[in-house]
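Notes follow once the structure below has been shown.
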2 protein chains.
Amino acid sequence: MTPSAPSASLDFALDRTSPVPLYYQLAQQLESAIEHGALAPGSLLGNEIELAGRLGLSRPTVRQAIQSLVDKGLLVRRRGVGTQVVHSQVKRPLELSSLYDDLEAAGQSPATRVLRNEVQPASAEVAAALGLAEGSDVAVLERLRFTHGEPMAFLCNYLPAGLVHLDTAKLEATGLYRMMRAAGITLHSARQSIGARCATVEEAERLDETEGAALLTMQRTAYDSTGRVVEYGTHIYRASRYAFEFQLLVRS
Amino acid sequence: MTPSAPSASLDFALDRTSPVPLYYQLAQQLESAIEHGALAPGSLLGNEIELAGRLGLSRPTVRQAIQSLVDKGLLVRRRGVGTQVVHSQVKRPLELSSLYDDLEAAGQSPATRVLRNEVQPASAEVAAALGLAEGSDVAVLERLRFTHGEPMAFLCNYLPAGLVHLDTAKLEATGLYRMMRAAGITLHSARQSIGARCATVEEAERLDETEGAALLTMQRTAYDSTGRVVEYGTHIYRASRYAFEFQLLVRS
DNA sequence: GGATGCATATTGTCCGGACAAATCGCCTGG
DNA sequence: CCAGGCGATTTGTCCGGACAATATGCATCC
């Protein structure tokens, strides 16, 4: 339980000619040192003043680097004691997850079949969710996502028309969020609701389940950095093959 | 679409004799001004230098206040443009949620019945989840949560023995997280998994559902600020009466 | 031997300034 | 009328310093 002695001099290489900020360079190298095990969980980081002097940086810059890792949950600072590496079993950041990216990261080699990709007038529900007038043009997207050749989820998404060019071939080769990012849309936040229900006959057929099987449902409204709604979606997952996993940070 | 003119002088009252930090005082007053509508969505905040001068603060202090609201997703800064209020329909930046607090905030007047509250040796699964040796003493807690007189969830929790004194009467009057906080435990992060399945006969009976009804399942491992595991729980919700709602922030 | 108080170490807060980088609007020139 | 350049505005980064608040360990005193 006694916190380890301040980890001695790790060699951090800072490049002052680089356009990437110094605090960010330091934060990244600290993070990789933690991830890599060079900074053991529970070990103290050494005081900021001395660290700043050793690196040739000012204390505010060092603090900014440390603070960013504290925000990520990798470090804990305690006044009068020091900054130590949190010994957490888990690393996963969680944030706004993209199903496609999640599956790919898990080595599941996802595949997508686009069932529908067209523009049509918004229904009342969709218009309300997207913050548009009823009857406005919206892109409607229905997809089936597979892993290992088996269907795993049915995805239905609505986007304001003209926001992104939704090429069907591209949609089957990558994920929607990746396409939005490529179109210059930076996602900022999303409101989600996760529930469950039993499969209807049509749903069961579409997902290769039996009627009454448990399904996970997710509704998401995504916002870009200005607060505009850029996507509304209703997703249905086979509970037998999928669960949402994520880590939450409590902001004090 | 044109961003509103810089909102003129709002009167912020800063108390230098207060122990609460100046940047925090400013952040809170800004937040309440946004929540209250005094700062309209999309409106510019006015440049930092001038704002600092007007408030008698230094620019770093003002920046620290603004940054905390940016992290919360209430403001957006753009270099060369300014800082503006995000016009988001939703405000709640939900985080690690306490079911009890959630229900109470929604005016659902939750009630709890403690079915089991004892200390016993940890099974292999529980020991692994809590990071203890198999057979260590752990507190086992089984509760039923009601709203409007109807059962809504079955909660099973495990805690390292001796961490909190689990008084049954107190547990029925308040929530577990509130008791942990009162015992000096500051939650820091949690890993969650949300899935679904169909109710077994016993589960259906316990929750006043029919066999095969859809249930939402949640498993959570909670960590305190030093990274210690302080709680592991398996919760089961009636999907017909409950869904998880939360907002995610993307950290760029 | 135990409790109290003090010195020390470390982070938290705050200040003032300097320059860089990005964005936007305006003006000029073609 | 359009394109490009230029300057003004605003946030981003970084520095150096000062003092306050808190936790820890040690010495002292009862």
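Protein chains get the first letters and strands the later ones, always in sequence-line order, with residue 1 at the start of each.
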TODO: On DNA chain C, check which nucleotide each of B:Arg59 and B:Gln64 is closest to and give me the residue with the more 5' one.
DONE: B:Gln64

TODO: Output all residues satisfying salt bridge (Lys or Arg N to Asp or Glu O under 4.0 Å) with B:Glu125, sequence neighbours left out; order by chain, then residue number.
DONE: none

Task: Under 4.0 angstrom between B:Tyr23 side-chain N/O and C:dC14 OP1 or OP2 - done: no

Open item on the list: Check this one for me: any side-chain N or O of A:Arg63 less than 4.0 Å away from OP1 or OP2 of C:dG12?
Closed with: yes

Task: Which nucleotide in D:dT24, D:dC14, C:dG16 has an atom nearest any side-chain atom of A:Arg78 - done: D:dT24

- [ ] Kindly write out the residues that satisfy salt bridge (Lys or Arg N to Asp or Glu O under 4.0 Å) with A:Glu50, not counting sequence neighbours, or none if the list is empty.
- [x] A:Arg54

Task: Set of residues satisfying side chain to side chain contact (heavy atoms under 4.5 Å, CB included) with respect to A:Ser58, sequence neighbours excluded - done: A:Pro60, A:Thr61

- [ ] Any salt bridge (Lys or Arg N to Asp or Glu O under 4.0 Å) involving residues 156-177 of chain B? Give me the pairs, sequence neighbours left out, ordered by first then second residue.
- [x] none

TODO: Establish, with yes or no, whether the OP1 or OP2 oxygen of D:dT10 is under 4.0 angstrom from a side-chain nitrogen or oxygen of B:Thr83.
DONE: no

TODO: Would you indicate what A:Pro60 reaches in the nucleic acid, counting non-hydrogen atoms under 4.0 angstrom: base, sugar-phosphate, or nothing?
DONE: base

Task: For atom CG of A:Leu14 and atom C1' of D:dC14, their distance in whole Å - done: 13 Å

Open item on the list: Measuring to OP1 and OP2 of D:dG17, would you say a side-chain N or O of A:Ser58 lies under 4.0 angstrom away?
Closed with: no

TODO: Return yes if some donor-acceptor pair links the side-chain N/O of B:Ser43 with the main-chain N/O of B:Ala40 below 3.5 Å, else return no.
DONE: yes

Task: Test salt bridge (Lys or Arg N to Asp or Glu O under 4.0 Å) applied to B:Glu48 - qualifying residues, sequence neighbours left out - done: B:Arg59, B:Arg63, B:Arg77

- [ ] Take atom CD1 of B:Ile66 and atom P of D:dT10, then tell me their distance rounded to the nearest Å.
- [x] 13 Å

- [ ] Please check if the side chain of A:Gln25 supplies one atom and the backbone of A:Val20 the other of a donor-acceptor pair under 3.5 Å.
- [x] yes

TODO: Using atom CD of B:Gln67 as one end and atom C1' of C:dC14 as the other, report the distance to the nearest whole Å.
DONE: 17 Å

Task: For atom CG of B:Leu75 and atom C1' of D:dG12, their distance in whole Å - done: 16 Å

Task: Atom pair distance, as rounded to whole Å: CD1 in B:Ile49 and P in C:dC19 - done: 14 Å

Task: Protein-nucleotide distance (A:Arg16, atom CZ; C:dA20, atom P), rounded to Å - done: 14 Å

Task: Atom-to-atom span, CG of A:Leu44 to C1' of D:dT24 - whole angstrom - done: 12 Å

Polar pairs (N or O, both sides) under 3.5 Å between protein and nucleotides 6-9 of chain C?
none

- [ ] Could you pick out which residue, B:Val62 or A:Glu48, lies toward the 5' side of DNA chain C when each is mapped onto its nearest nucleotide?
- [x] A:Glu48

TODO: For B:Leu57 and C:dT13, give me the distance from atom CG to atom C1', rounded to whole Å.
DONE: 12 Å

